[in-house]
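Throughout, protein chains are lettered first and strands after them, A, B, ... in sequence-line order, and every chain is numbered starting at 1.
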Amino acid sequence: MADSSMFTVPQTIGHILCCKCGVPIVPNGANMCVTCLRSEVDITEGLKKHVIIMHCPECDSYFEPPRTWIKAQLESKELLKFCIGKLGDLTKKVRLVDASFVWTEPHSKRIKVKLTVQKEVLHGAILEQSYIVEYVQQDHMCESCTRIQANPDQWVAAVQLRQHVSHRRTFFYLEQLILKHGAASQAIKIKQVDEGIDFFFANRSHAMRFVDFVGKVSPLRNRHDKQLVSHDPKSNNYNYKYTFSAEICPICREDLICLPPKVAASLGNLGPIVICTKVTDRIALLDPFTLRHCFLSADQYWRVPFKSLFTSRQFVEYIVLDVEPVSNEVDFGGSKYKLADVQVARKSDFGRNDNIFYVRTHLGHLLNPGDYALGYDTYGANSNDMELDKYRGLTLPEAILVKKSYGEKREKKRGKARQWKLKSLDMEVDESKGRSDKDKIASEYEEFLRDLEENPELRFNISLYRNREYEPSEIASVTTGEDLPSVPLEELLADLDMSDEEDEENGMRD
Amino acid sequence: MATRLMFENSCEVGVFSKLTNAYCLVAIGGSENFYSAFEAELADAIPVVKTSIAGTRIIGRLCAGNKNGLLVPHTTTDQELQQLRNSLPDQVVVQRIEERLSALGNCVACNDHVALTHTDLDKETEEIIADVLGVEVFRQTIAGNILVGSYCAFSNRGGLVHPHTSIEDLDELSTLLQVPLVAGTVNRGSDVIAAGMTVNDWTAFCGSDTTATELSVIESVFKLREAQPSAIVDEMRKSLIDTYV
């Protein structure tokens, strides 16, 4: 029966007269009506109402002293934040409740922001007031736009990437890597030259970053140098042009190498004939006869640089006649190898004469009789290598197989579009060289694409995009036991369909 | 008639003076202006006495009195007490009381019939008040404030209380005091009523910051001129229309 709370009389607040104008109001801290309070006290007194801001008309950005330019659209969040920041520390004087833009004609070069602030006045009454701040936009080009305007080709740092080999496979692969990681996003210009690519940057640190990136994905040696462009004696500012010269090692995947004696000894007497299986920032070498493998880092290579004996240009096609496995499967660097004794004949010899070779190969896990393989014809080749001469009593096998060939099947698929495609960098091509290279380059690119299809580990670092123009063939593909290796659908990225607005850096190659 | 004045650049005239129907106490100031203002108004009716209490000038807040008597705190010196006894009329009993809350002006608000006191006042003090001042004593709070002597000022004809007083409280106090009460401000919105003004049955003195509106309210509630309280607001509104912009 007892009440849980005390009996409290309900309190109604009465009205008093505003001390200035006499209207009945509810009593507040100042005991004045709002109008009188407003007329008495202006809480926006002392706040900035008129500010001048710098705007770059080229890149639509606003100047934030001392040095940065902030890109912002008209009436955007970033611009609002920038404008409020320009008013100085508001929070020390008043409390900011709301801020919004008032529409102004863009050509008027005025930006108006309406701010609502609150402040405590006179014995605890909190007054809220809105006021408008006007920003006058003065046009002033930012330094980067000025520099670009003055001389569009002006570069500060250049990276010259070279590889002294006769093919461009490395550069195709590098191009894809660069695209995937966006390493060349800060490059002003990219120029393709014979045996290499030149990259131009506006900033030395961008160039260094790029060189570091390439150094991480390929064995590189580099030099750098600088040239004085101008000198301001009063402020002692020196402007330089920096150049970096980077050379990629000429050893490529699937090359046959005869190691110099010193290098072979340092690697634990690895048989002087090795195949290069993978090139990242280290070179992976595999002895095909003993299945021993090792890695050579960039420093080690460049200490005693050596050239390859045979490159993939010199591949010869062989037909496998018989396979006899010798050892068990060995796993090395993600790929499996198996020693086997095989009977092969060159394709050119097959059916015409009885030249059959018995060789040992590391591809025992892949080859079956009747398969085609690509290898180096050491029997018929005349190699003029100094390193080879250093080894006395070294007998080379007649053929060294390097990889399996899908040549026949490729014939059937020739001319059909692939399910995937690659993007390419926007490069200037040096037109001064002869134009017979065009076909050569096209066929090299085709081989590169085939390489990608056959090797999943190569695809690991590359973005492949789905080809919207690809139609699966209507003719039921005749499967003769083995399918051609192709890129599974899960690996393909759906390409963004913004062909009109794409970056200048990325073009589409079909 | 309500007069506006200042004591040495302060508008809190209720702090430095004590006005009743039988006498007026005024603090000793540097210039004579304050004293002259009271003299001019009251000289022919009641004595105006310059004094200090406990050596201070804040006499309005330290003592409480009406036409029957005057109560001063225990800090009053003997000389001051004697001076008061000599200057005031004989029927006014001047009594010094021992009370822990020595700012009697802040703790007690009274007219000639009723007194409102601080809730924590001693029982003996309450008895002395009832005895010396001849009033009925009620312990009350005003708008939640226990210093009733500061937040309300009332005479035998009307009273002004703290602006935040609720309507129920106003009704209750009005019944107790048997005078009409109004909630309002003095000295441009200050809610410490008794510090900003002092009043008796026919005259009132306010700080010079008091606005015309506040003055009209004071004059109407204390019935210092011949006008009905209800007509005040309409009259004011008509005359004030041009001050709205």
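At least one side-chain heavy atom of A:T12 sits under 4.5 Å from a side-chain heavy atom of B:E168.
For A:C36, no part lies under 4.5 angstrom from a heavy atom of chain B. For a residue to count as touching a neighbouring chain, one of its non-hydrogen atoms must lie under 4.5 Å from one of that chain's; by this rule B:T210 does not touch chain A.
Considering CD1 of A:I16 and CG of B:L160, their distance stands at 9.5 Å, rounded to 0.5 Å. Taken to the nearest 0.5 Å, the SG atom of A:C19 stands 4.5 Å off from the CD atom of B:E214. Between the CD1 atom of B:I167 and the NE2 atom of A:H15 there is a distance of 7.0 Å, given to the nearest 0.5 Å.
Minimum heavy-atom separation, B:T211 to A:K20: OG1-N, 4.4 Å. Listed here is the closest heavy atom pair of B:P163 and A:P27: O-CG, 3.3 Å.
By the neighbour-count criterion of 12 heavy atoms within 6.0 Å, atom CD of A:E58 is densely surrounded, having more than that number from other residues, nucleotides or ligands. Atom NZ of A:K112 is surrounded by 12 or fewer heavy atoms from other residues, nucleotides or ligands within 6.0 Å. Atom CZ of A:R95 is surrounded by 12 or fewer heavy atoms from other residues, nucleotides or ligands within 6.0 Å. Heavy atoms of other residues, nucleotides or ligands lying less than 6.0 angstrom from NZ of A:K114 number 12 at most. More than 12 non-hydrogen atoms from other residues, nucleotides or ligands lie less than 6.0 angstrom from CD of A:E105.
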